[in-house]
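For reference, the structure is listed below as structure tokens.
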Amino acid sequence: MRTPPIFLLLVATLSWLATTALCYNSRKIAMGKNFIYRLYLADKKGSPYSITHPEQYLSQRAIRRRQRQAIAIDSTDLPVSPAYVARVKQAGLTVMGTSRWHNTITVSSSKDNIAINLAALPFVKKWFKLYESPDSVKPMMRNEIENHESTTTSQHNVYGSGYRQIQLENGILLHNAGFRGKGMLIAILDAGFNNADKIEALSNVSIKATADFAPLRSANIFAEHAHGTMVLSVMAANNSSIMTGSAPEADYALIRTEDMETETPAEEDSWTMGAEFADSIGADLINSSLGYTHWDGDTMRLHLRDLNGQSYVSQTAAMLASKGIILCNSAGNEGSSSWHKVNIPADATDILTVGAIDTDSLSAPFSSLGPTQDGRIKPDISAMGVNVSVIGSNGVKTTNNGTSFASPIVCGLTACLWQALPTLNARQLMSLIRLSADRAQWPDNVYGYGIPDFWKAYNNATSGFKK
């Protein structure tokens, strides 16, 4: 796999992002004392963009995805007013990123004097402190690049030890019918993809874009953290002597949104920036094996009452289907903890929240539970999350546990199903998957609708399924 060339991301050039490899690095805050705020804007006045010319801020692939699903471009798609961004910078704040959908700007400052900085900016309705750093933040040490190829051979044709995790969802038949994700673009929001550009077992993975929105990082996303590498391998591995993933012929966008040093509401903004970037380049699906149940410190705690789908990040997640994107999000691993329940954004509406089961189809004790605070069933569906075959950052195939690895199994197979059924919209496809599951007639808050049967879903659709 060749690392994508680096381009400067310009709004005016988004039309070619769907076919050109891209690397985008968001501006990072400096080390030392820092405060991060979210600014809510009153409107989008002074913007040069319009609904009638979406090619200025959305790729052609993103526009085609919406056209295919009869989704209109609306005011939420318009970028934040560049005039407002410029004035915020002039006020002495560092702009870390923006959200089109929420009409917000995320900024940082070395001083906690936000009211003074914004005094002359009437277009800022309100602000919210997301993060306050200690006096210094140590940069994370980069991992040494390793490349030790696994010598394990396949046990079940081309799937190796990953056979059971795909067979359990009846994805083998979908693959055998020729639906292996070709033409689908899957974005992965994660903490890093250590060595994913070096591992021989992933050398034929098609990576179309990379981006970094994690607020405290500045290193190469391939140099830190193995979590995203393992998640990628569950879907993208396509090596007949080692492992085949759930969508081996799909294209991928690797997007870092997570900081491992901290856990603060700033990551809601990073996640949102990553999701909106995925939308802009035309991603069909997003896998997020990320979620939040607590924040650092006592002043910004999350509570169970917050699991109502209304948090900033959960609102972002819920908007994805309205843009024509399916989000698969891990339910979380809090089933045996005092928290017990799903995370945010796993509580969002219009997504596929994925819980974990073992090889015997029994719920994993760690898998987070529902319902949401407003009474909705969660998780939506379940997939294997115990002893899941993954490829680590050292290039060796191993196994790992967690809903983090159940979610990409589902996401990859969902991409394959959408390849087979391109006329369905995001909500129709998610409904089809839920109704194919083994507990669809009696869903609960442990398994959700149960284990989906992707071959059954395909046959139901081709037999006239309608939602």
Side-chain angles (χ1 to χ4, degrees), residues 8-12 14 24-30 33-50 56-58 74-133 189 211-218 255-259 262 264-280 295 300 310-317 319-320 323 345:
L8 178 63
L9 179 61
L10 298 175
V11 171
L14 276 169
Y24 172 72
N25 288 293
S26 59
R27 186 173 183 178
K28 298 292 183 291
I29 63 175
K33 191 67 176 179
N34 274 285
F35 303 87
I36 301 178
Y37 312 89
R38 180 189 304 145
L39 312 182
Y40 290 83
L41 308 182
D43 52 54
K44 294 184 176 180
K45 292 180 180 178
S47 173
Y49 306 110
S50 69
Q56 295 179 324
Y57 46 87
L58 295 175
D74 62 31
S75 61
T76 63
D77 295 307
L78 296 174
V80 170
S81 170
Y84 290 169
V85 173
R87 291 184 64 184
V88 167
K89 290 180 179 178
Q90 291 169 5
L93 297 169
T94 299
V95 173
M96 300 174 65
T98 65
S99 167
R100 295 179 280 127
W101 299 348
H102 294 277
N103 198 24
T104 57
I105 303 177
T106 307
V107 301
S108 69
S109 174
S110 60
K111 297 180 180 179
D112 192 15
N113 59 352
I114 191 74
I116 296 173
N117 290 91
L118 300 178
L121 303 180
F123 55 84
V124 178
K125 296 190 300 182
K126 61 179 180 179
W127 62 85
F128 176 62
K129 183 190 286 188
L130 300 171
Y131 173 77
E132 178 179 343
S133 74
L189 307 186
D212 188 2
F213 295 97
L216 301 183
R217 297 298 183 89
S218 59
I255 305 170
R256 180 165 60 186
T257 66
E258 177 81 0
D259 278 319
T262 63
T264 73
E267 290 183 327
E268 293 191 74
D269 294 58
S270 299
W271 196 100
T272 294
M273 293 176 205
E276 292 187 15
F277 175 80
D279 166 52
S280 72
W295 304 127
M300 297 185 292
Q310 297 305 307
S311 67
Y312 186 85
V313 70
S314 296
Q315 289 182 45
T316 304
M319 289 188 71
L320 287 165
K323 306 300 182 183

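Predicted model only: the values in this text are computed from it and were never measured.
- Annotation: the span from Arg87 atom CZ to Leu121 atom CG amounts to 5.5 Å, rounded to 0.5 Å.
- Take Asp112 and apply the side chain to side chain contact (heavy atoms under 4.5 Å, CB included) test, not counting sequence neighbours, and it matches Phe35, Tyr37, Lys129.
- Atom OG in Ser270 sits 10.5 Å away from atom CG in Leu189 (nearest 0.5 Å).
- Applying the salt bridge (charged side-chain N to carboxylate O under 4.0 Å, His left out) definition to pairs two or more places apart or across chains, those involving residues 264-276 are Arg38-Asp269, Arg100-Glu276.
- Classification of the Tyr312-Tyr40 ring pair by plane angle, with boundaries at 30° and 60°, yields perpendicular.
- Tyr49 places no side-chain N or O within donor-acceptor distance of the main-chain N or O of Val80, the cut-off being under 3.5 Å.
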Evaluate the side chain to side chain contact (heavy atoms under 4.5 Å, CB included) criterion for residues Thr257 and Thr272: first the C-alpha distance (whole Å), next the side-chain angles of each, then the deciding distance (0.1 Å), finally the verdict.
CA-CA 9 Å; Thr257 66; Thr272 294; over 6 Å; no
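- Of all heavy-atom pairs spanning Asp212 and Ala214, the tightest one is OD1-N, 3.2 Å.
- The ring-ring contact (aromatic ring centres under 6.0 Å, His included) check on Tyr84 picks up Phe123, with sequence neighbours excluded.
- Scored by the side chain to side chain donor-acceptor pair (under 3.5 Å) test, Thr98 finds no partners at all (sequence neighbours excluded).
- The shortest heavy-atom contact between Ala266 and Ile36 is CB-CD1, 4.2 Å.
- The nearest pair of heavy atoms linking Ile255 to Phe277 is CD1-CD2, 3.7 Å.
- In terms of heavy atoms, Thr316 sits closest to Ala275 at CG2-CB, 4.1 Å.
- Of all the heavy atoms in Pro345 and Ser314, the pair that sits closest is CA-OG, 3.3 Å.
- Residues Gln56 and Ser50 come closest through the heavy atom pair OE1-N, 4.2 Å.
- The line from CZ of Phe128 to OG1 of Thr104 is 12.5 Å long, rounded to the nearest 0.5 Å.
- Taken from CD in Gln315 to OG in Ser99, the straight-line distance is 10.0 Å, to the nearest 0.5 Å.
- Taking Thr262 as the reference, nothing meets the side chain to side chain donor-acceptor pair (under 3.5 Å) condition, with sequence neighbours excluded.
- In this structure, the side chain to side chain donor-acceptor pair (under 3.5 Å) partners of Thr76, at least two apart in sequence or on a different chain, are Asp74, Lys323.
- For Pro48, the side chain to side chain contact (heavy atoms under 4.5 Å, CB included) criterion is met by Pro82, not counting sequence neighbours.
- Separating the CE atom in Met273 from the OG1 atom in Thr106 is a distance of 3.5 Å, to the nearest 0.5 Å.
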Trp127 and Ile105: CA distance, side-chain angles, deciding distance, side chain to side chain contact (heavy atoms under 4.5 Å, CB included) verdict:
CA-CA 9 Å; Trp127 62 85; Ile105 303 177; over 6 Å; no
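- For the pair Val88 and Asn117, the minimum side-chain heavy-atom distance is 4.5 Å or more.
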Given Leu93 and Ile114, is the side chain to side chain contact (heavy atoms under 4.5 Å, CB included) satisfied, shown in steps?
CA-CA 9 Å; Leu93 297 169; Ile114 191 74; 3.8 Å; yes
